[in-house]
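Please read all numbers here as calculations on a predicted model, not as lab measurements.
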Amino acid sequence: MTVAVVTFDLDNTLWDVEPALLRAEAAQRAWLERHRPGALAGLDDSALFERKRALVRREPRLAHHVSDMRRQFLYELQRDAGYGEREARAGAEAAFTVFLGERHKVELYEEALAVIEQLARHYRIGALTNGNADIYKTDAGDYFDFAFLAEDVGASKPAPELFRAAIERAGVEATAIAHVGDSPSHDVAGAREAGLKTVWFNPGAEPWDPAQGARPDATVQQLTELPSALAAL
């Protein structure tokens with residue numbers, strides 16, 4: 001079946017997420033240090049990471065609700081530092097807002113916007129992400145017909161829920177959708193198991209690991225290769 005819809009993973013497929021995350025974490029820390037003194041006392045990055053892991057082990061659903069996870073994490077930091085319920089809830093929301101503001105200041109790969117604009121003339125375009133990035137807060141947002149976050153469906157890729165949401169929203173057969181992503185497991189294997197066609201974005205020219213199952217339907221090292229790769233599916 002001819003491809004009618006193209007869905008994209010976001011982080012590290014359309015942009016390098018690390019610079020935005022580092023800025024976001026720094027902005028969140030600065031807010032806490034200014035407005036909630038003591039909340040970070042004695043906690044280095046390693047200790048904070050372990051606290052997040054412990055929170056997810058305690059409440060597994062938060063693994064698929066990264067925004068709720070961060071709010072709860074921020075709330076617990078403040079409660080443990082002696083802040084009251086209302087103050088901690090308000091502080092968690094404020095610190096999260098600061099974090100998310102920086103999180104969305106991503107810089108699309110140089111060629112990404114032009115490629116998406118070109119593809120949007122021929123396909124409907126969607127976004128499927130395990131993170132909490134909002135494609136509509138980026139320069140590419142105008143070209144996307146729909147977007148789903150893992151927290152919208154309560155499950156993360158490679159589980160089928162995000163892909164099923166795309167199928168239902170697009171109103172086409174799974175084989176009429178091509179999913180583009182950088183993760184062999186989350187994007188390629190997950191989309192394949194859901195019946196979608198698959199395009200592996202592999203800028204590092206990494207070899208395909210047979211443990212991930214069948215090879216993707218197409219592999220591109222640069223986003224500029226996407227139009228021709230999709231046309232050949």
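Listed for the H64 side chain is a donor-acceptor partner under 3.5 Å among the backbone atoms of S156. Proximity of a side-chain donor or acceptor of D44 to a complementary backbone N or O of A47 within less than 3.5 Å is detected. Of the possible donor and acceptor atoms, none in the side chain of R164 sits under 3.5 Å from a partner among the backbone N and O of A194.
L230 CG to Q118 CD: the interatomic distance, rounded to the nearest 0.5 Å, is 10.0 Å. Note that the CD atom of E87 and the OH atom of Y75 stand 12.0 Å from one another [nearest 0.5 Å]. Considering CD of E173 and OG1 of T2, their distance stands at 13.0 Å, rounded to 0.5 Å. In this structure, the separation between CG on L48 and CZ on R29 is 6.0 Å, given to the nearest 0.5 Å. In this structure, OG1 on T138 lies 8.5 Å from NE2 on H104, to the nearest 0.5 angstrom. Between the CG atom of N132 and the CG atom of L149 there is a distance of 7.0 Å, given to the nearest 0.5 Å.
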Step by step, would you call T219 with V199 a side chain to side chain contact (heavy atoms under 4.5 Å, CB included)? CA-CA 5 Å; T219 299; V199 181; over 6 Å; no
Does the side chain to side chain donor-acceptor pair (under 3.5 Å) test come out yes or no for R89 and Q78, once each step is laid out? CA-CA 9 Å; R89 289 292 180 198; Q78 294 169 72; over 6 Å; no
Could you go through the side chain to side chain contact (heavy atoms under 4.5 Å, CB included) check for V3 and H122 one step at a time? CA-CA 10 Å; V3 172; H122 307 284; over 6 Å; no
Step by step, would you call R192 with K197 a side chain to side chain contact (heavy atoms under 4.5 Å, CB included)? CA-CA 6 Å; R192 182 184 63 240; K197 293 178 179 175; over 6 Å; no
Apply side chain to side chain contact (heavy atoms under 4.5 Å, CB included) to E18 and L22, showing your working. CA-CA 6 Å; E18 185 173 3; L22 290 174; 3.9 Å; yes
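Open room surrounds CG on D139; 12 or fewer heavy atoms of other groups in view lie less than 6.0 Å from it. Surrounding CZ of R34 are at most 12 heavy atoms belonging to other residues, nucleotides or ligands under 6.0 Å away. A 6.0 Å sphere centred on NZ of K52 holds more than 12 heavy atoms belonging to other residues, nucleotides or ligands. Heavy-atom neighbours of E33 CD from other residues, nucleotides or ligands within 6.0 Å: above the threshold of 12. Under a cut-off of 6.0 angstrom, the local environment of CD in E168 is sparse, with at most 12 non-hydrogen atoms contributed by other residues, nucleotides or ligands.
We find that E50 and R57 are joined by a salt bridge, their nearest charged nitrogen and carboxylate oxygen being less than 4.0 Å apart.
Minimum heavy-atom separation, A165 to V153: CB-CG1, 4.1 Å. In plain terms, the two heavy atoms of D9 and G181 that are nearest each other are CB-CA, 3.8 Å. Across every non-hydrogen atom of L226 and V220, the tightest pair is N-CG1, 4.3 Å. When every heavy atom of A140 is checked against every heavy atom of L108, the shortest pair comes out as CB-CD2, 3.7 Å. Nearest heavy atoms, G101 versus K105: O-CG, 3.4 Å. Minimum heavy-atom separation, N130 to K157: OD1-N, 2.7 Å.
Within the structure, ring pair (Phe, Tyr, Trp, His ring centres under 6.0 Å) contacts touching residues 157-213 (residues at least two apart or in different chains) are F163-H179, W200-W208.
Taking 4.5 Å as the limit, every side-chain heavy atom of E102 sits out of range of all side-chain heavy atoms of E25. By the 4.5 Å heavy-atom criterion applied to side chains, R103 and V17 are counted as neighbours. Within the 4.5 Å cutoff, no side-chain heavy atoms of M69 are placed close to those of E59. The shortest distance between side-chain heavy atoms of L119 and F8 falls below 4.5 Å. A 4.5 Å side-chain heavy-atom check between V115 and T224 finds at least one atom pair inside the cut-off. Counting heavy atoms from C-beta outward, F73 and D68 have side chains that stay 4.5 Å or more apart. Between V5 and I125, every side-chain heavy-atom pair lies at or beyond the 4.5 Å cut-off. Side-chain contact between D11 and D16 is absent, with no heavy-atom pair separated by less than 4.5 Å.
For the residue pair S67 and E151, a side-chain donor N or O sits within less than 3.5 Å of a side-chain acceptor on the partner. Defined by atom type and a distance below 3.5 Å, a donor-acceptor pair is missing between the side-chain atoms of Q221 and E225. A donor-acceptor contact closer than 3.5 angstrom is absent between the side chains of D187 and S183. D182 and T13 form a side-chain donor-acceptor contact under 3.5 Å, judged by distance and modelled atom types alone.
At a threshold of 4.5 Å between side-chain heavy atoms, the hydrophobic network of Ile, Leu, Val, Met, Phe, Trp and Tyr places Y136 and I116 in one connected group. Using a 4.5 Å cut-off between side-chain heavy atoms of Ile, Leu, Val, Met, Phe, Trp and Tyr, with links allowed through other members, L40 and Y83 fall into different hydrophobic clusters. No single ILVMFWY cluster, assembled from side-chain heavy atoms under 4.5 Å apart, contains both L74 and F49. Side-chain heavy atoms closer than 4.5 Å link hydrophobic residues (I, L, V, M, F, W, Y) into clusters, and following such links, even through other members, never connects W15 to V66. Taken together through direct or relayed side-chain contacts under 4.5 Å among Ile, Leu, Val, Met, Phe, Trp and Tyr, V188 and L10 form parts of separate hydrophobic clusters.
The side-chain tip of R124 does not point at the ring of F146 from less than 6.0 angstrom away and within 45° of straight on. For the pair R71 and F96, the distance from NZ or CZ to the six-membered ring centre is under 6.0 Å and the angle to the ring normal is within 45 degrees.
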